[in-house]
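These notes are about the structure you will find just below.
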Amino acid sequence: MVTSEATFEPPPSAPAQSELGSDTAARPGRALSVVIAVLVAATFVPLGYVAWSVASIGPSRVYELVARPRVGELLVNTIGLVVVTVPICIVLGVGAAWLVERTDVPGRNAWRPLFVAPLAVPAFINSYAWVSVVPSLNGFWAGVLVSTLSYFPFVYVPAAATLRRLDPAIEESARALGSSSSGVFFRIVLPQLRLAILGGGLLIGVHLLAEYGAFAMLRFATLTTAIFEQFQATFNGAAGSALAAVLVLLCLLLLVTEAVARGNARFARVGAGAPRVCTPHRLGAMAIPAVVGLAALTALALGVPAWTVARWLGKGGAQVWDLGDIVPSLVQTIGLAAVAAVATTVLAFPFAWLAVRFHGALARFVEGANFITSSMPGIVTALALVTVTIRFVPPIYQTVNLVLAAYVLMFMPRAMVNLRSGLAQVPVGLEEASRSLGISPTRTFLRVTLRLTAPAAAAGASLVFVAVATELTATLLLAPNGTRTLAMRFWSLSSELDYAAAAPYALLLILLAVPVTLVLYRQATKAAAL
Amino acid sequence: MNAPVLEITGIAKSFGGQRVLHDLDLQLMPGSITAIVGASGCGKTTLLRIVAGFETPDAGTVSIAGKHVAGSDRPVAAHRRDIGYVAQDGALFPHLTVGQNIAYGLAGSAAKTRTRVAELLETVSLDESYARRRPHELSGGQQQRIALARALARRPALMLLDEPFSALDTGLRASTRKAVAELLAEAQVTTLLVTHDQEEALAVADQVAVMRNGRFTKVGTPQQVYLQPDDRFTAEFLGDCVLLPCEVTSGSANSALGRIPLRGPAADGPATLMLRPEQLVATAVSDDGAAGVATVLASEFRGHDVLLTVDPGGGTAPIVVRQHSVDPPAVDSKVRLDVMGPGVVLDEDPSAR
């Protein structure tokens with residue numbers, strides 16, 4: 001900015017901020033504090049349950065239950081799955097993202113949505129698709145195959161967004177300093193993808209630990225499938241609780257590993273101003289294998305489920321469209337998902353508010369507690385809620401409230417991440433302006449803050465909606481008798497090997513997930529505009 | 001009706017153990033514009049926010065139109081203070097049209113609101129058609145004028161402006177500032193303006209309060225604070241200074257530039273004399289070796305004027321003279337220095353720390 005003579009200082013925007021100090025906005029009000037305290041307490045239910053059950057079973061009995069060959073087998077399966085699948089997903093996700101965003105591979109714009117689209121196919125539907133194509137498919141490598149094809153977009157999406165944002169000037173500088181193409185990739189590009197890779201890898205790991213349906217259908221035993229079977233056999237037995245404790249430990253180990261690997265890395269902030277559009281790498285003759293590779297990945301991840309569903313629908317004809325069965329379960333699914341989405345978004349508001357407007361140990365702690373709980377496998381959350389309700393509030397057990405509570409605990413971060421960025425875009429100055437115009441703080445919140453956060457809240461709610469609509473594990477465990485969501489119906493029909501009758505449900509589940517995929521695709525591409 | 005509209009007494013505030021405001025007093029008379037000017041971080045914005053009700057003072061009281069709003073048992077909330085507030089960036093609500101923004105604080109029938117909005121748009125010299133636009137379709141200057149119209153809508157007793165022009169570019173800043181000052185004077189709204197731009201403060205205000213490290217170093221009319229600062233910080237903050245060692249005897253100062261009358265009383269003895277560069281005039285003379293003849297060391301051409309660095313001779317440090325740029329004395333030429341008007345003796349000790 002040009003100022004007249006005798007310039008004493010730059011424009012005061014930055015210092016004005018510091019002038020306000022960190023504790024400008026006083027503490028959250030009493031009502032808000034109470035709500036947050038209750039919610040935080042609720043987020044500790046799953047961890048508390050595990051700790052409590054280990055304590056009540058007694059260490060020696062827990063050791064007996066855990067130190068069995070069967071548990072060793074489950075541990076090898078589960079850990080092996082994570083150790084093998086996550087790196088494959090990282091290679092596929094980063095490789096596809098690099099080809100699509102940084103090279104002149106033919107049809108760049110067409111590939112982009114194709115690698116986000118697998119997120120619309122729940123993993124258990126992917127398993128169903130593969131099992132009906134290759135009926136003999138089962139065991140460890142089947143699990144690796146299906147989960148890789150279902151989860152590699154978790155790395156692809158952030159990696160593509162980061163690659164689009166990277167300033168090409170940095171790569172050009174490396175070139176000028178004598179690095180070859182591969183040297184630039186490994187020394188410059190890859191390190192900047194670290195956060196995307198770690199974040200995506202963690203998400204995949206958490207999903208692998210929590211997934212039940214996909215592996216049960218492939219007859220591949222993990223800790224989660226074993227806990228599920230234990231629960232069905234002995235309801236709330238000590239063996240199940242001991243296995244849940246092991247699963248929780250694995251999950252915490254994953255979180256710690258990611259946190260340590262992330263270290264102090266900040267979000268890669270590229271210099272101010274719009275970076276130039278980068279010149280894509282010329283693939284030359286390598287374009288052919290690149291296209292073949294991308295096409296193969298698409299065929300495996302999207303083609304197989306699409307073809308399977310289409311084939312069964314074709315075979316089943318009009319007969320499988322049993323509307324008397326499908327319509328009620330669609331209505332029920334949408335109803336349940338809508339209520340859960342609204343409840344989760346409303347309850348996420350105080351958390352998001354705390355995270356955006358207050359900085360301090362407490363705000364970070366609340367955020368962390370929330371994150372850990374949502375990383376817990378759904379089955380642990382479900383077991384915890386079953387135990388707590390039976391013990392303390394039996395009337396809630398076997399009601400829809402319980403399954404809604406599980407959804408809120410499991411999917412809170414999806415709503416919160418969006419709400420947070422939405423709230424962060426409402427400057428405090430706007431609220432102050434409103435108050436200076438004679439509008440009370442409560443009405444200011446309604447007329448300004450809430451109104452401006454609405455789009456972000458809607459995006460968050462839609463993410464929760466789809467997550468709930470396609471949720472299987474916790475729903476199977478917690479839903480009251482008579483509940484028949486699409487996922488439950490799909491599950492029981494495909495368990496009876498009635499693949500044709502399951503196909504309409506698979507199709508509806510995929511269609512319900514399309515909006516979330518669009519939201520994710522928009523987020524991945526919008527980041528480029530920043 | 002000569003009671004002050006805003007009365008601040010003994011205001012103090014700390015953030016995280018750090019004192020940012022020390023025992024401040026200030027009075028704003030009805031219809032006047034007061035500017036608080038200071039470098040960033042001096043506490044001026046905090047003071048404004050205390051008056052607005054966005055912060056609570058640790059000590060002291062604030063009264064608006066004779067009503068205690070802070071420092072009593074229970075502070076009055078911002079929305080009950082009868083103030084208008086314009087933030088640095090205007091803080092227009094992005095989800096509302098210009099018209100809805102202006103009408104935001106208004107209650108009453110739709111027809112009444114519409115007339116009032118039209119009236120306010122006219123007050124800030126914008127066409128009625130602007131009411132249907134969105135804030136992002138306006139330029140920075142227009143946004144600030146809408147923010148002002150919105151703040152004026154409820155006819156507040158006190159208008160608070162927080163660096164309202166600093167986000168505008170230079171040309172627009174001067175014109176917007178002039179328009180706003182005229183408008184506020186015409187509407188007879190008592191105004192408190194916070195700025196880091198001393199030129200803006202001097203140009204707009206009836207009363208200027210210079211702030212440093214949470215204290216006022218001088219409060220007075222623009223002329224008083226500019227020409228008669230008490231200390232070196234205030235003098236230098238408000239503009240360029242010529243500082244000369246001198247000997248005060250019976251109300252005038254004896255310096256390298258001769259005997260110079262003083263504004264206000266001063267104790268006899270050695271002191272520092274402050275003159276504004278524009279009080280000096282350098283005229284080229286033939287070098288006859290006479291006493292009182294100075295030498296031009298450097299000349300900086302600045303368009304409308306020229307800054308001459310002049311060695312007044314006699315072992316005094318070089319001084320800066322500002323004069324119009326028509327035919328200035330050349331470098332190395334001999335000049336005679338004439339002083340127009342009286343000087344000021346600065347208080348060297350306390351707030352120079």
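All chains are named by letter (A, B, ...) in the order of the sequence lines, taking the proteins before the strands, and each is independently numbered beginning at 1.
Only the backbone of B:Leu92 comes within contact range of chain A, judged by heavy atoms closer than 4.5 Å. A:Leu452 touches chain B through its side chain: at least one heavy atom from C-beta onward sits under 4.5 Å away, while N, CA, C and O do not. Residue contact with chain A, scored on non-hydrogen atoms closer than 4.5 Å, involves the side chain of B:Arg154 exclusively. No part of B:Ala77 comes within reach of chain A, as not one of its non-hydrogen atoms sits under 4.5 angstrom from that chain.
For the residue pair B:Thr195 and B:Glu200, a side-chain donor N or O sits within less than 3.5 Å of a side-chain acceptor on the partner.
A tilted orientation is assigned to the rings of B:Phe93 and B:Tyr104, their planes being inclined by 30° to 60°.
B:Arg322 is not listed as a side-chain neighbour of B:Val306, based on a closest heavy-atom distance of 4.5 Å or more.
Taking the centre and axis of the six-membered ring of B:Phe233, the NZ or CZ atom of B:Arg212 falls inside the cone set by 45° and 6.0 Å.
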